[in-house]
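Remarks on the structure that follows.
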Amino acid sequence: MKQIKTLLIAAIFILGANQTINAQAKTAHVDVNEIMTKMPAMIDAQNQLEKLSATYDADYKKMAEEFQAKLKKYDAESGTVTEAVNADRQKEVQDMQKRIQDFGQNAQKELQQKQEDITKPIYEKVRASIQKVGKAKGFQYVLDGSTLLLADGPNLTADVKKDLGF
């Protein structure tokens, strides 16, 4: 009877250990940041954004130079014109300053929106590739390697780059 109990307890431990081993999920990691920064489509997108930003910067600088020139001119002429003219000029300068500020804010918003519009499809493509490679290799979980503190499992970054064609 004692042997049966011992065998039964041993069988339970063996089955329990087997279930624990089967319950462990296969995990891997991938560095999405590395993929995104080296991906040709992302490099092209960054170049587009830099060109657009340079255009906005040039326009902003031109507006600021015009503002400074007008301000300098009005300051030099302020003693020779009437108070009504000076008041009109002050309002014009304030309006111009507001237009410059509005332009800067709108340019920043447009750049952010353009960045989102350009990078979202690229990120989705990377994400789909990660899922494809992860499933093909039998992993249940693929973690972003850029935020891991310990990454002992397989690194799929090279496989994802290969799948994406670079």
Side-chain angles (χ1 to χ4, degrees), residues 23-78 81 84-166:
Q24 291 179 350
K26 287 181 69 178
T27 59
H29 60 95
V30 63
D31 191 344
V32 175
N33 189 38
E34 179 184 340
I35 293 169
M36 292 288 288
T37 57
K38 293 181 180 175
M39 191 172 179
M42 188 61 160
I43 293 170
D44 291 342
Q46 289 298 332
N47 290 337
Q48 286 179 20
L49 290 171
E50 287 173 9
K51 286 178 185 176
L52 184 60
S53 179
T55 302
Y56 284 141
D57 287 345
D59 291 346
Y60 185 84
K61 188 175 182 179
K62 183 179 176 184
M63 291 172 77
E65 287 171 355
E66 289 173 4
F67 174 76
Q68 289 297 326
K70 192 169 275 200
L71 192 61
K72 193 174 190 179
K73 177 184 172 194
Y74 288 171
D75 279 345
E77 295 175 354
S78 66
V81 294
V85 172
N86 279 334
D88 288 343
R89 287 180 172 182
Q90 184 178 9
K91 179 160 177 27
E92 181 183 350
V93 166
Q94 289 173 348
D95 289 345
M96 194 175 199
Q97 189 175 21
K98 179 158 177 26
R99 281 194 308 270
I100 292 170
Q101 287 175 342
D102 290 346
F103 176 81
Q105 291 172 352
N106 289 335
Q108 189 69 22
K109 286 178 186 176
E110 287 177 22
L111 275 172
Q112 288 175 345
Q113 185 62 47
K114 183 76 170 173
Q115 182 177 13
E116 288 176 28
D117 293 345
I118 290 175
T119 58
K120 186 177 180 181
I122 296 170
Y123 178 75
E124 291 300 322
K125 185 176 181 179
V126 169
R127 186 170 170 249
S129 179
I130 291 169
Q131 289 176 341
K132 177 182 168 187
V133 170
K135 285 180 183 178
K137 294 198 175 254
F139 293 103
Q140 286 96 358
Y141 299 99
V142 178
L143 306 172
D144 181 0
S146 64
T147 57
L148 293 177
L149 298 176
L150 172 66
D152 251 355
N155 186 349
L156 299 180
T157 304
D159 296 322
V160 172
K161 284 181 178 179
K162 184 179 176 183
D163 183 62
L164 290 169
F166 72 97

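The line from CG of L49 to CD1 of I118 is 4.5 Å long, rounded to the nearest 0.5 Å. In this structure, K114 NZ and S53 OG are separated by 13.0 Å, a value rounded to the nearest 0.5 Å. Remark: D163 CG to K125 NZ distance equals 9.0 Å, nearest 0.5 Å. Between atom CD of residue E92 and atom CG of residue L71 there is a gap of 11.0 Å, rounded to the nearest 0.5 Å. Between the CD atom of Q90 and the OH atom of Y74 there is a distance of 12.0 Å, given to the nearest 0.5 Å. For the atom pair D144 CG and T157 OG1, the distance stands at 8.5 Å (nearest 0.5 Å).
Here the closest heavy-atom approach between residue F67 and residue Q97 is recorded as CE1-CB, 3.9 Å. Listed here is the closest heavy atom pair of A41 and I122: O-CD1, 3.6 Å. Closest heavy-atom contact between M63 and I100: O-CD1, 3.6 Å.
Classified by interplanar angle (parallel below 30°, tilted 30° to 60°, perpendicular above 60°), the ring pair F103/Y60 is parallel.
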Going through the distances and angles, do V85 and R89 end up as a side chain to side chain contact (heavy atoms under 4.5 Å, CB included)?
CA-CA 6 Å; V85 172; R89 287 180 172 182; 3.7 Å; yes
R99 and D95: CA distance, side-chain angles, deciding distance, salt bridge (charged side-chain N to carboxylate O under 4.0 Å, His left out) verdict
CA-CA 6 Å; R99 281 194 308 270; D95 289 345; 5.4 Å; no
Could you walk me through whether E124 and R127 pass side chain to side chain contact (heavy atoms under 4.5 Å, CB included), step by step?
CA-CA 5 Å; E124 291 300 322; R127 186 170 170 249; 3.6 Å; yes
Could you walk me through whether M42 and V126 pass the side chain to side chain contact (heavy atoms under 4.5 Å, CB included) test, one step at a time?
CA-CA 11 Å; M42 188 61 160; V126 169; over 6 Å; no
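For OH of Y141, the number of neighbouring non-hydrogen atoms (other residues, nucleotides, ligands) closer than 6.0 Å is 12 at most.
K26 forms a cation-pi arrangement with F139, by the criterion of a distance under 6.0 Å to the ring centre and an angle within 45° of the ring axis.
Across V133, D31, V142, a single residue satisfies side chain to side chain contact (heavy atoms under 4.5 Å, CB included) together with V160, and that is V133.
Side-chain atoms of D117 and Q113 include a donor-acceptor pair closer than 3.5 Å.
At a threshold of 4.0 Å, the pair K62-E65 does not count as salt-bridged, since none of the basic side-chain nitrogens sits closer than that to a carboxylate oxygen.
Using a 4.5 Å cut-off on side-chain heavy atoms (C-beta onward), V32 and Y123 make contact.
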